[in-house]
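Below is one structure, written out as structure tokens, with a few remarks after it.
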There are 2 protein chains.
Amino acid sequence: MPPMNRNSPALSSDSASVQDYVKAIYASTEWRDQPVTSSQLAVRLGVANSSVSGMVRKLVDLGLAVHEPYSAIELTAEGHRLALAMVRRHRLLETFLVQELGYAWDEVHDEAELLEHTVSDTFIERLANKLGHPERDPHGDPIPAADGTVDVPEANQLGRLDPGHTGHIIRISDANPDLLRFLSAERISLDSRVEVMGHRPFGGPLVVRIGSAEHLRELDLGDEAAAALWVANDTPHENCLLRT
Amino acid sequence: MPPMNRNSPALSSDSASVQDYVKAIYASTEWRDQPVTSSQLAVRLGVANSSVSGMVRKLVDLGLAVHEPYSAIELTAEGHRLALAMVRRHRLLETFLVQELGYAWDEVHDEAELLEHTVSDTFIERLANKLGHPERDPHGDPIPAADGTVDVPEANQLGRLDPGHTGHIIRISDANPDLLRFLSAERISLDSRVEVMGHRPFGGPLVVRIGSAEHLRELDLGDEAAAALWVANDTPHENCLLRT
DNA sequence: TCCCTTTTTTCGGCATACCTAAATTTACGA
DNA sequence: TCGTAAATTTAGGTATGCCGAAAAAAGGGA
Ligand SMILES: [Mn+2]
Ligand SMILES: [Mn+2]
Ligand SMILES: [Mn+2]
Ligand SMILES: [Mn+2]
């Protein structure tokens, strides 16, 4: 009989590792739609494959994940709740570090990765209050509300857009701090306007036009940079109807 | 041959447990002058005696403590440095929670006890900066400077003063949150003026006069409360010379 | 000086979360 | 369909830090 014994608090009582695994499972489907495999998790978490096997068994026992041996790993409703709670913590903490302590956006991820497991629910809610309940973190990632609702905006990786496409950057992957520093140096930031010009020949970099009006400039971006930048379409969609 | 291999960073690379043990050894002599015993440490840390024996061996191996079997435990210079670094972290974090996040002074200890192990040196120094380099925490405990210097003020427990003594409260032990709430309710806080009246007969509570001028009032304090309040003498001493 | 109580240490175990190496299962191309 | 390479799981082992029980040391009173 399964261990139906998780009384809802969701967060407390789970180890930092359990929290990180659940968060990693969630993160791997936040901007894509394929369930994550064991070895993908291992890479993301920097552990051996065998460690993932062991921990996934534990997550299943805890009622946080579902997993048929040799197949992909998914979260239960309970696991999803825990993941969103952790993501909320992480992103609020990053926002705090930037807004209140003067961190640069490439410095906050690692600090938040540890703090997210340590602060209390009270801390997080008081922090959210002080910060004015922000809706996205310094990298544009949406911050789930306390009740577990999130709105993940529609967006595509810059590298996957066709020439001619225009939009603005609504998210920048914070996976690589060096890349974030590069982007800062190039004055690319959240909400920058972009237009895709096309690739330079023979597998060359992507040429984009960044900025608007008199600050507009052209720039070559490597694959990694183009994949880290997520662009929302400028064309109106259901949330933004044109009125005559 | 002893493991002389600690390269000075002092802090990083020590586990949270090591940090807490070292801090506990330091704390037990901050306001008294007797070295701590194994079983006292066990009580303070809430672990079994055998756990202390094991960890003390490890502290000795790390060069953080000195210990002859069956005798008291003391810190090395290195251990003392680590302890002060941890105490600085703890007290800055408590100050932050009260000043920036609106915590009450009875809520901060447990949160700081965890956070102190998780935040980075960078975090602590940026926090100290934001807070304006406070010299004492919400309970009056002195905050060591980044260079490891501390000034522990001269003070006595209220319960040990003779009748007629006057002074002001410069420190309130934060060991018992319930006591802190009681003191708040009685409007006793840091810097309150006190005058010792004497004990009620037959081992009764201590009678003190609290406050100054028109807010002056008389109060009965139990032993635990009287021991938690530390009073600095009103009489001038070397740091506070009278000028004609 | 010699018990006998108290304190402290040692010993064997447990839980977590890793690892490497050896099975096992899956999936794809011949 | 078969065989092999890749992905995954299992097995066995390490490091921490905790526990209870048993052994050893200390020390105070008779
Ligand atoms: Mn984390
Ligand atoms: Mn982020
Ligand atoms: Mn602590
Ligand atoms: Mn304090």
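Note that the structure is predicted; figures quoted are calculated from it, not measured. The chains referred to below are lettered A, B, ... by the order of the sequence lines, with proteins before strands, and numbering in each begins at 1. Values below: all heavy atoms of this structure, side chains included; hydrogens, waters and symmetry mates excluded.
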Give the nucleotide from the list [options] with an atom nearest to the side chain of [X].
| X | options | result |
| --- | --- | --- |
| B/Lys58 | D/dG17, D/dC19, C/dC18 | D/dG17 |
| B/Ser17 | D/dG17, C/dA17, C/dT10 | D/dG17 |
| B/Tyr70 | C/dA17, D/dT8, D/dA25 | D/dA25 |
| B/Arg57 | C/dT10, D/dT9, C/dA17 | C/dT10 |

Using whole Å, report how far [atom1] of [X] lies from [atom2] of [N].
| X | N | atom1 | atom2 | value |
| --- | --- | --- | --- | --- |
| B/Leu41 | C/dT7 | CG | P | 15 Å |
| A/Asn49 | D/dA11 | CG | C1' | 16 Å |
| A/Asp20 | C/dA17 | CG | P | 11 Å |
| B/Leu45 | D/dC19 | CG | P | 10 Å |
| A/Asp61 | C/dA17 | CG | P | 13 Å |
| A/His117 | C/dA17 | NE2 | P | 11 Å |
| A/Leu59 | C/dA17 | CG | C1' | 12 Å |

Determine the sole option in A/Glu116, A/Glu125, A/Glu135 for which the salt bridge (charged side-chain N to carboxylate O under 4.0 Å, His left out) test with A/Arg88 is passed.
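Between A/Arg88 and the candidates, salt bridge (charged side-chain N to carboxylate O under 4.0 Å, His left out) is satisfied uniquely by A/Glu125.
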
May I ask you to say what A/Ser53 touches in the nucleic acid, namely base, sugar-phosphate or nothing, with a heavy-atom cut-off under 4.0 Å?
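Base: the residue A/Ser53, judged by heavy atoms under 4.0 Å, touches a nucleobase.
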
Counting the atoms with a prime plus P, OP1 and OP2 as sugar-phosphate, which does A/Ala48 contact under 4.0 Å by heavy atoms, base, sugar-phosphate, or nothing?
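Base, at least one base atom sits under 4.0 Å.
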
Does the side chain of [X] pick up a donor-acceptor pair with the side chain of [Y] at under 3.5 Å?
| X | Y | value |
| --- | --- | --- |
| B/His109 | B/His90 | yes |
| B/His139 | B/Glu94 | yes |
| B/His117 | B/Asp20 | yes |

Under 4.0 Å between a side-chain N or O of [X] and OP1 or OP2 of [N]?
| X | N | value |
| --- | --- | --- |
| A/Ser51 | C/dA17 | no |
| A/His67 | D/dT8 | no |
| A/Ser39 | D/dA6 | no |

Toward the 5' end of DNA chain C, which comes first, B/Val56 or A/Tyr21, by nearest nucleotide?
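Here B/Val56 is the residue nearer the 5' end.
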
Go nucleotide by nucleotide along DNA chain C from the 5' end; which of A/Ser50 and A/Val18 gets its closest nucleotide reached first?
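First, find each residue's nearest nucleotide; the 5'-ward one identifies A/Val18.
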
Residue pair A/Trp230, A/Asn156: steps toward the side-chain contact (heavy atoms from CB on, under 4.5 Å) verdict:
CA-CA 5 Å; A/Trp230 292 71; A/Asn156 295 290; 5.5 Å; no

